[in-house]
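Notes follow the structure.
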Amino acid sequence: MIDKLKELIAEAEEFKAQTKEEVEAFRIKYLGKKGLLNDYFAEFKNVANDQKREFGQTINQLKKTAEDKVNALKEELESKEEVKGIYGDLSRPGEPIQIGARHPISIVKNQIIDIFSRIGFNVSEGPEIEDDWHNFTALNLPEYHPARDMQDTFFIQTNPDILLRTHTSSVQVRYMENNKPPIRTISPGRVYRNEAISARSHCFFHQVEGLYIDKDVSFADLKQTLQYFTTEMFGKSEIRLRPSYFPFTEPSAEVDVYWGLKTETDYRITKGTGWLEIMGCGMVDPNVLENCGIDSKEYSGFAFGMGIDRIAMLLHQIGDIRLLSENDVRFLEQFKSAL
Ligand code: PHE
């Protein structure tokens, strides 16, 4: 019988409860009027004299264990209840955390940076409010040069020397002024042009321009670099270089990538030609190198520039450039799954 009592003690020590009802059932089972303890106390008179002492001690031990357990569990449940009162039900699932999305301009910009950084280009940045020298004159666009009209310019107040940069070529000028060749840098950033706002054009947009200057850089290097880029960016390696004009490069070209004519969308965005114009490029004009303190007899280089907004619109099927700056959450949320 003593062994049975010891088992009950062990059982009582192990007992756990989640609710008040469970604790109460436990109390009744052990300590209630018709509980186990009373049964054993009643047995006391039948125990042999030489065992009475041990029996008595064990039964008292069981009683104490059961009482302590009931008290401890009651206290524990009460303190839980208190916490519940302050914080609500702690076992409820949490509120879902709102996850933001990267802006499509950032997504595309990061992709471009990533692609060029893999072939050794670093990232350079410069001010959006520029002076005439860095935006125009150093780039072979002296005062009264007609090509200044290619980019309608916002001037700051009445000072014609201070303006909002019209391209990030200004960053390239700053970079050449402060770094010696070899130079491999891309310059992403916002640019401004005084244009009527429509679905297709805005008075500000984003560019990434690239510059590579070293000894013996040739047009073939430019073409190879562009081909690498279009393959990585669009999965398309067929490109076409159409002669063009930029004051800061000679020769200059527009870069078209062969997009294909498989789908309705291909037809629409390429106007039925299969080709898509994606950027301007050329060999840096020796005048520009000299303006920036680089010996044009020793060094040559190429430059290119593309619009991020246009590429983002293309890749994400965005029909109106204005959506990119309206901050409409319904639009922005659609890019949650992008990089
Ligand atoms: N800066 C030119 C633009 O904004 C792009 C360009 C960059 C063209 C470099 C050729 C070389 O249109």
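Keep in mind that the numbers below use all heavy atoms, side chains included, and drop hydrogens, waters and symmetry copies. In each ligand, atom 1 is the first atom listed, and ligand 1 is the first ligand listed.
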- Residue from Tyr175, Phe304, Phe302, Phe116 passing ring-ring contact (aromatic ring centres under 6.0 Å, His included) with Tyr212: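 Only one of Tyr175, Phe304, Phe302, Phe116 forms a ring-ring contact (aromatic ring centres under 6.0 Å, His included) with Tyr212, namely Phe302.
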- Is the shortest side-chain N to carboxylate O distance from Glu298 to Lys215 below 4.0 Å?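 Looking at Glu298 and Lys215, the cut-off is met.
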- Message: Any salt bridge linking Lys271 with Glu277? Criterion: basic side-chain nitrogen under 4.0 Å from a carboxylate oxygen.
- Response: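 The answer is no: the pair does not qualify as a salt bridge.
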- Message: One pair to check against side-chain contact (heavy atoms from CB on, under 4.5 Å): Lys63 and Leu37. What are the steps and the verdict?
- Response: CA-CA 7 Å; Lys63 185 173 177 216; Leu37 269 159; 3.8 Å; yes
- Under 4.0 Å from ligand 1 - residues by heavy atom, chain and number: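 Contacting ligand 1 under 4.0 Å are Gln151, His167, Ser169, Arg193, Gln207, Glu209, Phe246, Phe248, Thr249, Gly280, Cys281, Ala303, Phe304, Gly305.
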- Query: What residues form a ring-ring contact (aromatic ring centres under 6.0 Å, His included) with Phe204, not counting sequence neighbours?
  - Reply: His202
- Query: Would you say the ring centroid of His103 lies under 6.0 angstrom from that of Phe335?
  - Reply: no
